[in-house]
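Inspection log for the structure reproduced underneath, given as structure tokens.
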Amino acid sequence: MKDRTALIQELRDLILDRLVPLDDDELINDAPLVDEVLDSLGIAEVAVFIEDEIGRPLDPDEEVRATFASVDAVVDFILANR
Amino acid sequence: MCGIVGVTAWASVHPLSPTHPIHAGLAAIRHRGPDAALADQLGGAVFGTARLAMVDKPTSSQPMRDPSDRYLLSFNGEIYNFRELREELAPRYAFRTTGDTEVLLAALITWGSGALPRLKGQFALALWDARENELLLARDRFGIVPLHWTTDSGAVHFASEVKALKALGLHPELSLPDVIDAGVLWGTHPGRSVFDGVEQVPPGGFVRISDVTVERGRYWAFRYAEDRDSGSIDQHAEKLRALLACAVERRLPVYGDLAVLLSGGLDSSAVLALLRQAQPSSRIASYSIQFTQAALNEESFQAVAAAAFDTDHLSILCGDLSVARTLIEAVEHAEQPLSRTAPASSIALAATIEAQGTRAVLSGEGADELFCGYDLFKVAAIRDAWSRNPDGDEYAQLLSQVMAHQKGMGRAVERAFYEQGIDRRSDPLFSHLNRWGASFRITQYLLPDLRRGLSTDSVLAGVRDRLPYEYAGWSAVEQAQYLEVTYFLASALLAGQCDRPYMAHSIEARYPFLDEDVADFALTLPEASKLNGLQEKAVLKRAVGHDVPAAIRDRVKQPYTAPEGDVFRTQPGRELLDRYTSRETLEAAGLFDPKRVAWLRNKLDSGATSFHDDLALLWIVSTQALADSYGVADPKE
């Protein structure tokens, strides 16, 4: 099972390769993802990433800003729900 | 409608001659007025008008002098209440013509800028007073008709379109801060253009210029009445219907066919219904755009309306390919970066309408802004309530309900997007934080030096600084209306999607919903008459609901939009990308980061792009196209 470091790296790769044209040092793990980095398609892509990792669809009450708040927050959610 | 252009100088005056630059200026805007192109000089002013003769063809030529040869007028547009004004002015002015131009001239001579609030119409005008050596520029309330001006070497130059200023020998260049505003805000600030040093006369505004002073004033502003109409919604609806019927009748063309732009939605269908009631036996043409993408296509509703009102209906089919083919033409006419591809479809429809010999069309634009038609207003209301009760469960559900019919927005995860800013209710731009916060992301494609220091708040500061003092007392929904009217309606819709594409083919669009009496009444309505719970345009549906087919009255509102990102996946679309986003082209303009733009192109090639990716691509391509023609003022200055 992937550890925290691996999850963070995979999520960062997803965001930087496919979602936003930032340089690696511009994506801060605890910076607000939803407010400052991702658009609505990006949020949906990260939702798919989460669901793949936890092995189930997100409940509607899990699809809230807090879940996607930052790279760290997303990984925390995955770790808590695997 | 016409095109106007002119130069006024207080020192050395270049006399009018066959080689005067005014003729090149007129040629550059000939599409706005194919019927005549004339120039005249009065003292220090040389004016030109390319005329599209809609009233009094034989005698109302322009530029027009008054009988004493003190005043010279060039005017673009229509004064719909010219007959009433003429009656009022007749005791004091000996009219020589039967048209609206001379009535406007007489009104300005008699009342000065006090004439402006008396006008009902769509207009841009330039008046020269040769005795006072003073120039007056003015524009209609909503900015339906364009008017740009700038100073150079002690002279003032004005024109309907910037291309005419260029033809006069000036060198307008793109202004990066205004290009950013156009991309992020979907419009420029009132009075601004995307060209360095080139101003627009603001909607509802005037500029009075002498050799020593420049006075910028407003004769009208979008403000809600302090005391709202206390009647019932049925009373509001009855009054609104009567005003709309008058507005439609005022806009009947004197010459030529009756025609309506028919989207298939409530607004244009209502205009058509009222037109048919005013003209029960006349031939009415209706024109529509159908889209190849099923999600965008409103053909069935257009057909219902055309059949119900017995129009001669003509539609064109637009898809990614056709949009890609007309996109740059649309940009060249819009003279601003595009925030949507719809102008490209409009310009294609305009060509078809021109080929039919139609010169004027009625449009339903303006209703969504005045009567809360957009989902934006519902979202603003929900978010406003949610901000005051952050733990409330029902708001997320309401939001999902509103978003459900938007294509590709079915996931609850979209709520996370709209939850942004819930804790920022005290921000005056609360209603637009999501939209503008998201569209700000297009700036990540600028060069590093140009995006350094930029933030959403640094761009939005320009909006906050310009808010009227009454704004803070309005509800979130009515604040949202103000912002939509000021930015989106004026720039993206009326300029980019309406005046410019239709005038490109000498077609004058007319807007009953932006009639002064209709707008004044809308501003007295309580919010609940406009947005009743989650029912948009409540009073309008009550007013015209029995006039339009039930299928149209009861349909879910579909935002009018056109193909976006897939446009750039077509062959002509790729050619546009190759031409305008190559490394060499980007480096020549010095605005965009070639590495990041290449990343975006790769994303386009390899998978789905988001709405904001498409917005960025469109902004980059349209800005580059304008940079190609005009150059860019040093961004670092």
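Naming: A, B, ... by sequence-line order, numbering from 1 per chain. Just so it is clear, the values below take in all heavy atoms, side chains as well, and ignore hydrogens, waters and symmetry mates. All values reported here derive from a predicted model rather than from experimental measurement.
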(request) Please examine the side chains of A/Asp39 and B/Asp613, heavy atoms only from C-beta on, and report whether any two atoms are closer than 4.5 Å. (result) yes
(message) With a 4.5 angstrom heavy-atom cut-off, is it the side chain or the backbone of B/Ser606 that approaches chain A, or both, or neither?
(response) neither
(request) For atom CD of B/Glu394, decide whether the heavy atoms of other residues, nucleotides or ligands shown that lie under 6.0 angstrom number more than 12. (result) yes
(request) Against chain B, label A/Ile50 side chain, backbone, both or neither, depending on which of its atoms sit under 4.5 Å from a heavy atom there. (result) neither
(request) Under the ring-ring contact (aromatic ring centres under 6.0 Å, His included) rule, collect the residues that match up with B/Trp599, sequence neighbours excluded. (result) none
(request) Heavy-atom pairs under 4.5 Å with chain A are the metric here; pick the option from B/Ala396, B/Ser455, B/Ser610, B/Gly437 that has the most. (result) B/Ser610
(message) Can you give me the closest heavy-atom contact between A/Leu41 and B/Ala608, atom names plus distance?
(response) CD2-O, 3.9 Å
(message) One thing to verify: whether B/Lys603 and A/Asp17 come together as a salt bridge, which I'm taking to mean a side-chain N less than 4.0 angstrom from a carboxylate O.
(response) no
(request) Name the member of A/Leu22, A/Asp61, A/Val37, A/Thr67 that forms the most heavy-atom pairs with chain B at distances under 4.5 Å. (result) A/Val37
(request) Identify which part of B/Tyr445 has an atom lying under 4.5 Å from any heavy atom of chain A, answering side chain, backbone, both or neither. (result) side chain
(message) Is A/Glu26 close to chain B through its backbone or its side chain, or both, or neither, when contacts mean heavy atoms under 4.5 Å?
(response) side chain
(message) Measuring from atom CZ of A/Arg65 to atom CG of B/Asp423, what distance do you get when rounded to the nearest 0.5 angstrom?
(response) 5.0 Å
